[in-house]
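The structure under discussion appears below in the form of structure tokens.
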Amino acid sequence: RQDKCVPGDFEHLVCKMYRAALLSGLLVAVSAYNCTYKWNGENYDASPLQNSNQDYFFELKLFKFWLNVCQGTVTATCGSDCSTCQQWDPNSSNGQACLGRASTASFHPPSFPGVNGQGFTVNFTDGDKPPGYSTRRSMQIDFTCDPDAGLGAPSFTKEEPMLHYYFQWRSKYACATGPAPPPPPPPKCSENTDCGSCAASGCFWCLESQHCVPGPIDSSKSSCASWIGKPTRCPVPQTCSDQSNCGTCTAMDGCAWCLTDNNVISCVDGPVNSTTCVDAISSSSYCPGAWKLHTGQDKAFKVRS
């Protein structure tokens with residue numbers, strides 16, 4: 001893109017007039033659109049063709065055209081959201097028309113593929129409607145891949161049917177920038193160690209065996225009775241204080257079955273010491289049975305009288 005005016009007769013004068021208008025606020029902000037496109041496993045990027053300083057200009061008989069890429073035209077002749085402006089009478093307020101709005105841009109496979117079948121097409125709709133017509137103007141730019149064409153330039157091709165305009169543009173920027181990135185690898189389900197993270201990564205959690213596997217799950221061929229595939233369906237994680245007997249308490253990491261100085265028995269977070277528990281069991285092998293939680297006595301402990 002050119003940020004400075006280069007001396008050169010008429011073009012230099014037009015550039016200086018443009019910059020003066022830009023600084024004075026006569027030129028308004030233009031509408032931009034995404035200029036990247038992925039097709040047939042390849043990436044395209046037309047943004048190098050965008051020119052925020054001046055439009056691409058060309059003439060055809062009595063008609064003049066201003067066209068820009070990835071944004072609307074920078075001149076206010078047809079509006080800041082106009083992708084291409086056509087003028088036939090500079091002395092009349094009705095002597096120009098917008099052929100398509102930049103905000104309606106849509107990318108499609110090429111109509112005229114170039115080298116290696118590469119290129120793309122951009123369609124624009126919602127152009128100005130001529131008096132007495134029910135159809136609005138629309139247009140299409142056919143970008144053809146040509147590595148030797150450099151930047152290239154747009155040219156008018158035809159109007160067919162009436163009020164639908166075709167332009168062609170051969171450019172090295174109509175060629176693919178490289179292969180499309182591969183899809184992300186599937187989640188490694190086995191790395192998830194809890195129901196929430198398992199289901200959130202698109203995997204399935206077996207409630208009985210407490211393991212995470214990739215889907216889809218065929219329950220008729222599975223030994224697991226309860227599969228969970230949504231985080232909202234995961235059971236609320238249990239804590240030490242939720243446990244009501246020595247066996248389930250000591251089966252949980254970091255929990256201990258504790259007898260306090262007041263002969264209160266409960267499941268507490270470890271590690272424990274003589275200050276918190278006068279006696280404690282941290283391994284289920286020392287539990288005399290699945291004794292229920294209660295206050296006073298438990299056969300797991302020799303309670304003080």
Search all heavy atoms of [X] against all heavy atoms of [Y] and return the closest pair with its distance.
{"X": "Pro231", "Y": "Ala199", "result": "N-CB, 3.5 Å"}
{"X": "Ser47", "Y": "Cys35", "result": "N-CB, 3.8 Å"}
{"X": "Cys249", "Y": "Cys255", "result": "O-CB, 3.2 Å"}
{"X": "Gly247", "Y": "Cys287", "result": "N-SG, 3.8 Å"}
{"X": "Glu208", "Y": "Ser226", "result": "OE2-OG, 3.0 Å"}
{"X": "Phe156", "Y": "Glu159", "result": "CZ-N, 3.7 Å"}

Handout entry: Residue among Thr73, Val69, Val74 satisfying side-chain contact (heavy atoms from CB on, under 4.5 Å) with Gln71
Key = Val74
Fill in the blank from the handout: Test side-chain contact (heavy atoms from CB on, under 4.5 Å), reference Trp66, set Tyr56, Phe57, Phe58, output is Phe57
Practice task
Using modelled atom types only, decide if a donor and an acceptor are shared between the side chain of Glu42 and the backbone of Lys38 within a distance under 3.5 Å.
Solution key: no
Examine [X] and [Y] and state if one hydrophobic cluster contains both, with Ile, Leu, Val, Met, Phe, Trp and Tyr joined whenever side-chain heavy atoms are less than 4.5 Å apart.
{"X": "Val272", "Y": "Ile265", "answer": "no"}
{"X": "Tyr37", "Y": "Phe112", "answer": "no"}
{"X": "Val268", "Y": "Trp257", "answer": "no"}
{"X": "Phe107", "Y": "Trp39", "answer": "yes"}

Practice task
Check whether more than 12 heavy atoms from other residues, nucleotides or ligands sit under 6.0 Å from atom CG of Asn273, and answer yes or no.
Solution key: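 It does: Asn273 CG has more than 12 such atoms within range.
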Problem - Within 6.0 angstrom of Leu60 CG, more than 12 heavy atoms from elsewhere - result: yes
From [X] [atom1] over to [Y] [atom2], what is the distance, rounded to the nearest 0.5 angstrom?
{"X": "Cys224", "Y": "Leu207", "atom1": "SG", "atom2": "CG", "value": "7.0 Å"}
{"X": "Gln118", "Y": "Thr177", "atom1": "CD", "atom2": "OG1", "value": "9.0 Å"}
{"X": "Asp126", "Y": "Leu99", "atom1": "CG", "atom2": "CG", "value": "12.5 Å"}
{"X": "Asp148", "Y": "Lys172", "atom1": "CG", "atom2": "NZ", "value": "10.0 Å"}
{"X": "Ser241", "Y": "Asp269", "atom1": "OG", "atom2": "CG", "value": "7.0 Å"}
{"X": "Cys70", "Y": "Gln50", "atom1": "SG", "atom2": "CD", "value": "5.0 Å"}

Practice task
Please identify each residue that fulfils ring-ring contact (aromatic ring centres under 6.0 Å, His included) with Phe63, with sequence neighbours left out.
Solution key: none
Fill in the blank from the handout: Across all chains, not counting sequence neighbours, the ring-ring contact (aromatic ring centres under 6.0 Å, His included) partners of Tyr173 are none
Practice task
Determine which pairs satisfy ring-ring contact (aromatic ring centres under 6.0 Å, His included) with at least one residue from residues 228-247, sequence neighbours left out, and list them in order.
Solution key: none
Practice task
Carefully, step by step, assess Val213 and Trp205 under the rule side chain to side chain contact (heavy atoms under 4.5 Å, CB included).
Solution key: CA-CA 7 Å; Val213 300; Trp205 180 259; over 6 Å; no
Problem - Leu67 and Ile141: CA distance, side-chain angles, deciding distance, side chain to side chain contact (heavy atoms under 4.5 Å, CB included) verdict - result: CA-CA 10 Å; Leu67 183 151; Ile141 305 178; 4.0 Å; yes
Practice task
Check whether any side-chain heavy atom of Ser201 lies under 4.5 Å from a side-chain heavy atom of Asn192, and answer yes or no.
Solution key: yes
Practice task
Take Thr36 and Asn34 through the test side-chain hydrogen bond (donor to acceptor under 3.5 Å, both in side chains) and record every step on the way to the result.
Solution key: CA-CA 6 Å; Thr36 59; Asn34 182 18; 2.9 Å; yes
Any chance the SGs on [X] and [Y] are under 2.5 Å from each other?
{"X": "Cys212", "Y": "Cys206", "result": "no"}
{"X": "Cys258", "Y": "Cys277", "result": "yes"}
{"X": "Cys189", "Y": "Cys203", "result": "yes"}

Review item, side-chain donor-acceptor pairs of residues 83-94, under 3.5 Å, at least two apart:
residue : atom : partner : partner atom : Å
Asp89   : OD1  : Asn91   : N            : 3.0
Ser92   : OG   : Asn94   : N            : 3.1

Handout entry: Contacts of type salt bridge (charged side-chain N to carboxylate O under 4.0 Å, His left out), residue Asp142, not counting sequence neighbours
Key = none
Indicate every side-chain donor-acceptor pair of residues 161-169 with a distance under 3.5 Å to a residue at least two apart or in another chain.
residue : atom : partner : partner atom : Å
His164  : ND1  : Ser138  : OG           : 2.5
Tyr165  : OH   : Arg137  : NE           : 3.4
Gln168  : NE2  : Thr144  : OG1          : 3.4
Trp169  : NE1  : Leu151  : O            : 3.2

Problem - Check against side chain to side chain contact (heavy atoms under 4.5 Å, CB included), Ile228 and Lys230 - result: CA-CA 6 Å; Ile228 298 176; Lys230 294 183 179 180; 5.6 Å; no
Practice task
Could you walk me through whether Thr250 and Ser283 pass side chain to side chain contact (heavy atoms under 4.5 Å, CB included), step by step?
Solution key: CA-CA 5 Å; Thr250 53; Ser283 172; 5.6 Å; no
Problem - Salt bridge present between Arg101 and Asp128 (N-O < 4.0 angstrom) - result: yes
